[in-house]
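In what follows, a structure is listed as structure tokens, so that the remarks can point back to it.
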Amino acid sequence: MEKINFYIVDVFAEEKYAGNQLAVFVNAGSLPDPQMQKIAREMNYSETTFVISPELRSGGYDVRIFTPQQEIPFGGHPTLGTAYIIRQELLKGKAEEIKLNLLVGQIPVQVVREPGKPDIFWMRQNPPTFGEKLTIEAIAPILHLDPQEIDPRFPIQEVSTGFPFIIVPLLGLKALQQARIDREKLLALVANTEAKAVLIFCPETRHPANQLSVRVFVDYFGIPEDPATGSANGCLAGYLAQYAYFGKDEIDLRVEQGYEINRPALLLLKAHKNGTEIQVLVGGQVVLVAKGELC
């Protein structure tokens, strides 16, 4: 079997051991599906990705994404982290755009470089789609929150850019920090929804340079809370533009996430609404933590 290298990176992280961790396996086309799933379970990260071949197909690299439980069509931090490894290890830092062929379709990732600053990796997500709206009365008990802590000016709604989330607007940071999931009630709710994970957010932040605080609960997928979620924040960016949350349909934000689980992360969001279509970009830094070879 041809040598298969793997890398561990932190995504949406300004330093090691922050943001969302990811394992990336390169030249993994010889691995059968059950072994990919076993490796993802062994790594025990929120996702593990496999670059099937160093060869381009339709201008992009074939990549598959696994959680410890199952293969998924799209994930934000797996897309950015894998693009980082392809650029650094396969292309030796020479590409400014990398395209990933995922189950959800081809996702382009661009690298923005400024002198004296870390590279920022940006992915263009699919245009958001807006699904079912839920009531405050339905969602508040699931989050162990008083209904008055949920912002009534904006809807609680399913949003997807390839991976759906229930978006819940809160009024303040205290409610965001105190929220916790009632797993049984959540599983009962999502049995009837397309989205199985929940993003809560508020406009109050810990750091004045940031504009939003976010938490993402993914109990349905076996992970109580995600430290930095590109797919969820892409949905959020589309939601903010759709409902002109900041009084306009153009978004350019710094978002903090992961503080409650000691994995502080910084995500960059951009969105622009043009008629009925919304363009979404999610960006952040990637840091290499470790590398090795599959035995």
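Since we're looking at a predicted model, the values are computed, not measured.
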Review point. Are Tyr220 and Arg183 close enough, and set up right, to give a side chain to side chain contact (heavy atoms under 4.5 Å, CB included), and what steps lead you there?
Key: CA-CA 8 Å; Tyr220 179 88; Arg183 181 175 171 80; 5.9 Å; no
**Study point:** Stepwise salt bridge (charged side-chain N to carboxylate O under 4.0 Å, His left out) check, Glu250 with Lys273
**Key:** CA-CA 6 Å; Glu250 189 157 344; Lys273 186 177 182 182; over 6 Å; no
Exercise for review: Please lay out, stage by stage, how Ile8 and Met43 fare under the test side chain to side chain contact (heavy atoms under 4.5 Å, CB included).
Suggested key: CA-CA 10 Å; Ile8 297 175; Met43 297 304 297; 4.2 Å; yes
**Study point:** From CA spacing to verdict: side chain to side chain contact (heavy atoms under 4.5 Å, CB included), Leu173, Thr205
**Key:** CA-CA 7 Å; Leu173 187 60; Thr205 61; over 6 Å; no
Practice item. Carefully, step by step, assess Val287 and Val9 under the rule side chain to side chain contact (heavy atoms under 4.5 Å, CB included). Key: CA-CA 6 Å; Val287 180; Val9 295; over 6 Å; no
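At least one side-chain heavy atom of Leu236 sits less than 4.5 Å from a side-chain heavy atom of Leu212. Considering only heavy atoms from C-beta on, Ile200 comes within 4.5 Å of Phe217 through its side chain.
Distance check: Leu186 CG to Ile139 CD1 gives 7.5 Å after rounding to the nearest 0.5 Å. The CG atom of Leu281 sits 11.5 Å away from atom NE2 of His272, with the distance rounded to the nearest 0.5 Å. Note that CG of Asp252 is 8.5 Å distant from CG of Leu268, once rounded to the nearest 0.5 Å. Atoms CG and CG, from Leu253 and Leu240 in turn, are 6.5 Å apart once rounded to the nearest 0.5 Å. Thr49 contributes atom OG1, which lies 10.5 Å from atom CE of Met36 (distance to the nearest 0.5 angstrom). Here Leu189 contributes atom CG and Ile166 contributes atom CD1; the two are 5.0 Å apart, rounded to the nearest 0.5 Å.
Although no hydrogens or angles enter the test, the distance criterion places no donor-acceptor pair under 3.5 Å between the side chain of Glu89 and the main chain of Ile86. Remark: the backbone N or O of Gln70 is paired with a side-chain donor or acceptor of Thr67 at under 3.5 angstrom. At least one donor-acceptor pair closer than 3.5 Å links the side chain of Ser213 to the backbone N or O of Glu204. Here the side chain of Glu158 pairs no donor or acceptor atom with the backbone of Gly131 at under 3.5 angstrom. Here the side chain of Gln211 pairs a donor or acceptor atom with the backbone of Arg254 at under 3.5 angstrom. Within the 3.5 Å criterion, the main-chain N or O of Gly60 finds a donor-acceptor partner in the side chain of Asn101. Here the side chain of Ser160 pairs a donor or acceptor atom with the backbone of Gly162 at under 3.5 angstrom. Side-chain N or O atoms of Gln37 include one that pairs as donor or acceptor with a backbone N or O of Pro68 at under 3.5 Å. Judged by distance alone, the side chain of Arg215 and the main-chain N or O of Gln177 form a donor-acceptor pair under 3.5 Å. Side-chain N or O atoms of Asn20 include one that pairs as donor or acceptor with a backbone N or O of Ala228 at under 3.5 Å.
The two residues Ile4 and Ser30 come nearest to each other via the heavy atoms CD1-OG, 3.8 Å. Closest approach of Ala28 to Phe25, counting heavy atoms only: CB-O, 4.1 Å. What you find for Gly19 and Ala265 is that their closest heavy atoms are CA-CB, 3.7 Å.
The ring pair (Phe, Tyr, Trp, His ring centres under 6.0 Å) pairs that include a residue from residues 87-130 are Tyr84-Phe121, where partners are two or more places apart or lie in different chains. Under the ring pair (Phe, Tyr, Trp, His ring centres under 6.0 Å) criterion, the residue pairs touching residues 148-193 are Phe154-Tyr245, Phe163-Phe165, Phe163-Phe221, with sequence neighbours excluded. Sorted by first and then second residue, the salt bridge (Lys or Arg N to Asp or Glu O under 4.0 Å) pairs involving residues 65-86 (not counting sequence neighbours) are Arg64-Glu71.
Hydrophobic clustering, with ILVMFWY side chains joined whenever heavy atoms are under 4.5 angstrom apart, groups Leu294 together with Val289. Note on Leu90: it clusters hydrophobically with Val286, by side-chain heavy-atom contacts below 4.5 Å among ILVMFWY residues. Both Ile72 and Val159 are members of a single hydrophobic cluster when ILVMFWY side chains are connected at heavy-atom separations under 4.5 Å. Placement of Leu103 and Met123 in two distinct hydrophobic clusters is found when ILVMFWY residues are connected by side-chain heavy-atom separations under 4.5 Å, directly or transitively. Side-chain heavy atoms closer than 4.5 Å link hydrophobic residues (I, L, V, M, F, W, Y) into clusters, and following such links, even through other members, never connects Leu80 to Val112.
When each of Val104, Val11, Ile107 is checked for a side-chain contact (heavy atoms from CB on, under 4.5 Å) with Thr79, only Ile107 meets the rule.
A salt bridge links Arg263 to Asp10: one of the charged nitrogens lies within less than 4.0 Å of a carboxylate oxygen. Using a cutoff of 4.0 Å between basic side-chain nitrogens and carboxylate oxygens, Glu96 and Arg87 are scored as salt-bridged.
Within 6.0 Å of atom CD in Glu42, 12 or fewer heavy atoms from other residues, nucleotides or ligands are found, so the atom counts as exposed in its surroundings.
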